[in-house]
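Naming: A, B, ... by sequence-line order, numbering from 1 per chain. All values derive from a computational prediction rather than experimental measurement.
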2 protein chains.
Amino acid sequence: MALTDDQTVEIAEIFRLMGDPTRLKILIYCLDGPVAVGDLAQATGASQSLVSHHLRLLRAARILRAERRGKKVYYAAADDHIRTVVGDMIDHVAEPAEDGED
Amino acid sequence: MALTDDQTVEIAEIFRLMGDPTRLKILIYCLDGPVAVGDLAQATGASQSLVSHHLRLLRAARILRAERRGKKVYYAAADDHIRTVVGDMIDHVAEPAEDGED
DNA sequence: TTAATATATGAAAACGTGTTCATGTATTGA
DNA sequence: TCAATACATGAACACGTTTTCATATATTAA
């Protein structure tokens, strides 16, 4: 599986966006279904403004997608790859360390 | 699957480390087996010093593990979760975009 | 021990990112 | 239209990170 330089940079960009605790919390809350911005702010403990800023980045990278219903805007994971990647990482952290580490 | 705050921060840290193009290139080259530092520098086009700095971070986070053989030090992915996460992400980028995006 | 090769590390420069605050836009209901 | 709710955005501050350069450590061979 050979990647172009652009593809590598694209993947790095997605990982980078997942690499901030506030953004990752937002993302995890969105994994199981659409969540409104206000609810994300409350769940994460971050300000509404900060959540919106992060949501814009996650949306631009196609990690989340937005859908307006009336006054509220609901965000959800863009696709199953995102869910799988985060799920794998959760497994990685949950699992006891493997043999031979330092 | 509920995560503690510490676990969320730990996962974010791993994603963050994968989120730099130079580091991600290093990581991808290490996915299929141990690679020496000098070879990583040549493959990525980064300086030996920069590669070493990045390797230290990847090692500290248990994303890569090091093994010395004579003068050379070989780095490889620490476990299968790492391989799986990167593999999923490669699929994500390779796949055509899903329906309904903007 | 000395030289050569391979890797690691400390400090500083250059650059980028997360967060807050104030304000703007969109939607609904009266 | 006016007020209220929900979300988005621009600017600026504060902070952290990537990278380079010089130098140090480890291993092997002579």
Side-chain angles (χ1 to χ4, degrees), chain A residues 5 8-30 33-76 78 102, chain B residues 5 8-30 33-76 101-102:
Chain A
D5 215 72
T8 309
V9 169
E10 188 183 348
I11 294 176
E13 171 73 3
I14 297 175
F15 279 139
R16 188 180 66 78
L17 289 168
M18 291 175 163
D20 173 77
T22 306
R23 269 194 308 260
L24 182 61
K25 280 179 201 166
I26 291 172
L27 173 55
I28 289 174
Y29 280 117
C30 291
V35 190
V37 177
D39 293 342
L40 287 170
Q42 224 188 330
T44 59
S47 72
Q48 178 266 313
S49 170
L50 179 55
V51 171
S52 264
H53 278 297
H54 284 314
L55 285 172
R56 183 151 62 114
L57 298 175
L58 293 168
R59 202 173 359 112
R62 297 166 190 271
I63 295 172
L64 294 183
R65 47 167 66 168
E67 181 192 350
R68 180 178 277 276
R69 298 183 204 161
K71 278 188 236 175
K72 299 189 177 179
V73 177
Y74 290 81
Y75 283 82
D102 53 7
Chain B
D5 216 73
T8 309
V9 170
E10 189 183 348
I11 294 175
E13 172 72 4
I14 298 174
F15 279 138
R16 188 180 67 79
L17 289 169
M18 292 175 162
D20 173 78
T22 305
R23 270 195 306 263
L24 182 61
K25 279 179 201 168
I26 291 172
L27 174 54
I28 289 174
Y29 280 116
C30 290
V35 189
V37 178
D39 293 341
L40 287 170
Q42 224 188 333
T44 59
S47 71
Q48 177 268 312
S49 170
L50 179 54
V51 171
S52 265
H53 279 296
H54 283 313
L55 285 172
R56 182 152 62 112
L57 298 175
L58 293 168
R59 205 176 352 115
R62 297 167 190 272
I63 294 171
L64 294 183
R65 46 168 63 168
E67 180 193 352
R68 181 178 277 276
R69 298 184 204 160
K71 279 188 235 174
K72 298 190 179 179
V73 179
Y74 290 81
Y75 284 82
E101 78 206 31
D102 51 6

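No side-chain heavy atom of B:Thr44 sits under 4.5 Å from any side-chain heavy atom of B:Leu50. Between A:Val9 and A:Glu13, every side-chain heavy-atom pair lies at or beyond the 4.5 Å cut-off.
Distances shorter than 4.0 Å separate none of the side-chain N or O atoms of B:Arg16 from OP1 or OP2 on C:dT17. OP1 or OP2 of C:dA6 has not a single side-chain nitrogen or oxygen of B:Tyr75 nearer than 4.0 Å.
The distance from atom CE of A:Met18 to atom C1' of C:dG18 is 18 Å, rounded to the nearest whole Å. Computed from coordinates, the A:Lys72 NZ to D:dA8 P distance equals 13 Å when rounded to whole Å. Between the CD atom of B:Gln42 and the C1' atom of C:dT7 there is a distance of 15 Å, given to the nearest Å. Whole-Å rounding puts the A:Arg59 CZ to D:dC7 P distance at 12 Å. Across the protein-nucleic acid pair, B:Leu24 atom CG and D:dT17 atom C1' stand 17 Å apart, rounded to whole Å. At whole-Å resolution of the value, CG in B:Leu40 and P in C:dA6 are 14 Å apart.
Each of B:Asp39 and A:Asp20 was matched to the nucleotide of DNA chain C holding its nearest heavy atom; the match closer to the 5' end belongs to B:Asp39. Both A:Lys71 and A:Arg23 lie close to DNA chain C; mapped to their nearest nucleotides by heavy-atom distance, the more 5′-ward contact belongs to A:Arg23.
B:Arg23 places a side-chain N or O within 3.5 Å of a backbone atom of B:Leu17 that can act as its donor or acceptor partner. In this structure a side-chain-to-backbone donor-acceptor pair under 3.5 Å is present from A:Arg68 to A:Lys71.
From one end of the helix from C:dT1-D:dA30 to C:dA30-D:dT1 to the other, with five pairs defining each end axis, the axis direction shifts by 30° (rounded to 10°).
Taking 4.0 Å as the cut-off between side-chain N and carboxylate O, B:Arg69 and B:Glu67 count as a salt-bridged pair.
The neighbour count for B:Tyr29 OH, taken as heavy atoms of other residues, nucleotides or ligands under 6.0 Å away, does not exceed 12.
For the residue pair A:Thr8 and B:Ile28, the shortest heavy atom distance occurs at CG2-CD1, 4.4 Å.
Backbone-only contact: A:Ala36 has heavy atoms under 4.0 Å from sugar-phosphate atoms and none from a base.
Every residue two or more places apart in sequence or in another chain that forms a side-chain hydrogen bond (donor to acceptor under 3.5 Å, both in side chains) with A:Gln48 is listed here: A:Ser52.
A heavy-atom distance below 4.0 Å to DNA chain C is reached by these residues of residues 48-58 of chain A, ordered by number: A:Ser49, A:Leu50, A:His53, A:His54.
With A:Leu58 as reference, A:Leu64 is the one residue of A:Leu64, A:Leu24, A:Ile14 to meet the side-chain contact (heavy atoms from CB on, under 4.5 Å) rule.
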